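Below: the structure, in structure tokens.
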Number of protein chains: 2
Amino acid sequence: MVKITDVARHAGVSPSTVSYALSGKRPISEETRRRIEASIHQLGYSPHAGARALASRRSNVLALVIPLRAGIHVPVVMQFAASVVTAARQHDHDVLLLTQEEGEAGLRRVADTALVDALIVMDVQLHDPRLPLLRALDRPSVLIGFPQSSEGLTCIDLDFRAAGELCVEHLAGLGHRVIGLVGSPPEVYVRETGFAQRVVQGFTAAADRNRLSSSVRPCESTPAAARRVAERLLREQPALTGVVVHNEPILEPVIDAFEGLGLRVPGDLSVTAICPDELAELVRVPVTSIAVPAAEVGAGAVDLLMKKLGGGCAPEATLLSPRLTVRASTLPRP
Amino acid sequence: MVKITDVARHAGVSPSTVSYALSGKRPISEETRRRIEASIHQLGYSPHAGARALASRRSNVLALVIPLRAGIHVPVVMQFAASVVTAARQHDHDVLLLTQEEGEAGLRRVADTALVDALIVMDVQLHDPRLPLLRALDRPSVLIGFPQSSEGLTCIDLDFRAAGELCVEHLAGLGHRVIGLVGSPPEVYVRETGFAQRVVQGFTAAADRNRLSSSVRPCESTPAAARRVAERLLREQPALTGVVVHNEPILEPVIDAFEGLGLRVPGDLSVTAICPDELAELVRVPVTSIAVPAAEVGAGAVDLLMKKLGGGCAPEATLLSPRLTVRASTLPRP
DNA sequence: TTCCTCCGTCGAAGCGCTTCGACGTCCCGC
DNA sequence: GCGGGACGTCGAAGCGCTTCGACGGAGGAA
């Protein structure tokens with residue numbers, strides 16, 4: 001293994017000079033830097049991560065806690081993870097993957113052993129048991145998602161309430177008066193996952209504001225459940241002409257179900273969804289939708305963390321505004 | 001921060017004794033160990049990962065390279081990742097997440113900086129550009145998936161060839177004489193991803209062996225493509241009564257497509273798939289299938305790595321035998 | 001009883017890096 | 001012409017842990 005002293009000797013300088021040349025924390029003359037870089041290259045030097053972490057008290061590793069629970073849509077989680085990794089790399093950090101299995105103990109472990117400098121936590125519940133720990137930890141953290149109160153924390157996410165509202169406003173703007181929400185699986189609400197509830201709140205608030213008749217139905221992520229929910233919505237509100245779907249796996253099944261009940265999309269029924277663009281575009285009738293901007297959220301989370309690591313302070317709440325992409329599934333009410 | 005010297009002082013022993021008590025690398029009397037454990041608990045000590053890595057030349061971190069490319073089925077990847085993390089934790093290791101973005105440079109970086117002790121690489125191509133690097137690296141690695149030649153490497157995966165064969169044998173055993181394979185998206189074959197090709201090989205070999213008439217069609221992961229492929233298969237082989245699907249996202253669309261063409265499943269057409277059990281069970285007609293045993297593969301990969309890290313040697317190839325679960329989608333030929 | 005071995009513990013020497021204070025040197029302003 | 005910065009570099013002191021050799025004492029064999 002080639003170490004910094006080898007490089008130093010080869011370049012005819014002291015180890016500290018090599019270190020400074022590498023970190024840029026002190027000025028180094030152009031010529032010396034060049035020599036050092038050449039030596040590094042020739043010798044194939046790469047600094048030992050452990051030694052660096054020990055001496056600098058920075059591991060340059062972030063922890064990412066990903067959810068693997070029922071009812072979550074895996075591809076979206078993966079998008080988050082990928083964007084976090086990419087963003088972290090841009091800041092010269094790596095990402096340690098934690099699952100929720102280990103729970104709070106895992107968070108505490110990686111933080112206490114200084115394995116990581118900071119933490120990113122996904123799939124936050126309204127009353128998440130990890131919150132006290134995160135508040136108490138000496139390492140900064142960012143939550144992707146919002147608990148009941150973000151006090152003393154740093155949270156970032158799509159503004160799901162606004163997303164729910166925006167879907168309704170879009171439908172209302174097209175003249176629809178009777179609308180329904182096909183929601184996430186019941187367990188997601190039972191767990192009090194913030195984003196699902198917030199969509200419902202936004203949906204309901206906007207419906208009331210626009211004096212629309214509305215109803216909300218959680219729905220298991222199976223085609224059969226989709227059919228049941230469609231039937232039920234239609235039975236309760238026969239004049240239904242607009243639907244919002246917040247449940248990725250059954251977007252297409254829901255549309256199929258309504259068509260099976262004799263409603264053409266978008267002829268008789270306008271459909272909007274909160275789901276990734278790829279999904280919305282893949283459906284038989286491309287669906288007007290609001291995407292979760294996973295890349296932005298991931299990058300934003302990392303940026304917030306870097307700010308905190310740099311000693312700066314970060315806002316408690318960062319809400320990204322929803323953007324609705326109009327596709328073929330929504331039309332003015334006939 | 002509480003360190004090992006603090007624990008040592010508190011317990012009235014030397015730091016090395018604490019270290020040995022923790023690692024078990026030398027015998028420590030029952031009583032001393034108890035005192036040390038008590039001190040650790042009271043003081044809330046956790047060893048500094050960086051210091052440990054520096055002194056012991058082991059970071060206790062594994063790198064996991066996950067694929068994020070077109071045509072791969074994300075939930076399966078996630079299952080692998082989760083099982084790797086779980087297995088790694090059981091061996092007191094953590095997992096560093098790498099995406100393929102950084103490519104070979106990323107592998108080299110985490111290996112050379114001693115950030116990780118070993119590597120797990122997923123989504124291996126037949127002629128994967130990373131192979132020479134993995135062979136040359138001074139750190140052990142395990143591939144999940146098989147390249148053309150596994151010489152000098154350690155690979156583990158479901159035996160996809162056997163899986164393809166098993167699907168055919170099952171259909172042949174039921175009396176079907178004309179069968180088709182709805183494969184993965186074309187780009188997966190173009191990339192020469194081993195597992196997809198091996199299914200085709202197994203399918204073809206078993207079909208020939210059983211003197212079945214067979215044909216193979218790659219298929220994009222969209223319902224429209226599924227419909228086209230179904231039509232085409234049927235046009236070419238009007239007597240078709242058996243189909244193998246190796247393309248998770250369109251399993252249900254393929255069945256819909258055939259039913260749309262007038263074939264009842266399983267009445268007129270038997271369908272088997274290579275896909276996760278959850279998916280196979282979720283379809284309208286539960287599908288006879290072979291699952292990729294993600295948990296086993298992940299755990300196996302970690303075990304192999306641990307063996308190599310312990311100085312042992314690991315077999316170049318570990319193929320897990322496919323297991324076929326019979327469900328409602330296959331029946332004897334009428 | 002003597003010698004040897006094994007057990008349990010200690011002290012010290014690093015592991016490879018960063019960082020702090022110090023020390024010339026050069027240049028600028030007065 | 002001289003004081004004072006800024007610049008560029010060095011040496012040394014750790015960062016917190018593991019590990020190696022050593023050592024005293026207990027116990028068994030001869």
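Side-chain atoms are counted along with the backbone in the values below, which use heavy atoms only and exclude waters and symmetry mates. Note that the structure is a prediction, hence the values are computed from the model and not measured. The chains referred to below are lettered A, B, ... by the order of the sequence lines, with proteins before strands, and numbering in each begins at 1.
- Residue contacts shown for A:Ser19 include a base, since a base heavy atom lies under 4.0 Å away.
- The CD1 atom of A:Ile36 sits 11 Å away from the C1' atom of D:dG8 (whole-angstrom rounding).
- Each of A:His48 and B:Glu30 has a nearest nucleotide on DNA chain C; the 5'-most of these lies closest to B:Glu30.
- Here B:Met1 contributes atom CE and A:Asp112 contributes atom CG; the two are 8.5 Å apart, rounded to the nearest 0.5 Å.
- Residues A:Lys3 and A:Asp6 are not paired through a salt bridge, judged by the lack of any N-O separation under 4.0 Å between the basic side chain and the carboxylate.
- Using a 4.0 Å heavy-atom distance criterion, B:Pro27 is classed as a base contact.
- Using modelled atom types, no side-chain atom of A:Arg52 and backbone atom of B:Thr113 make a donor-acceptor pair closer than 3.5 Å.
- Once you apply a 4.0 Å limit to the heavy atoms of chain A, the touched nucleotides of DNA chain C run 5' to 3' over C:dG16 to C:dA22.
- Judged by distance alone, with hydrogens and angles left aside, the side-chain atoms of A:Ser19 form no donor-acceptor pair with the main-chain N or O of A:Pro15 at under 3.5 Å.
- When rounded to the nearest whole Å, the span between OH of A:Tyr20 and P of D:dA6 equals 18 Å.
- If you find the closest nucleotide of DNA chain C to A:Arg52 and to B:Ala55, the one lying nearer the 5' end belongs to B:Ala55.
- Across all strands, B:Ser16 comes closer than 4.0 Å to base atoms (heavy-atom distances).
- B:Arg57 comes within 4.0 angstrom of the backbone, heavy atoms only, and of no base.
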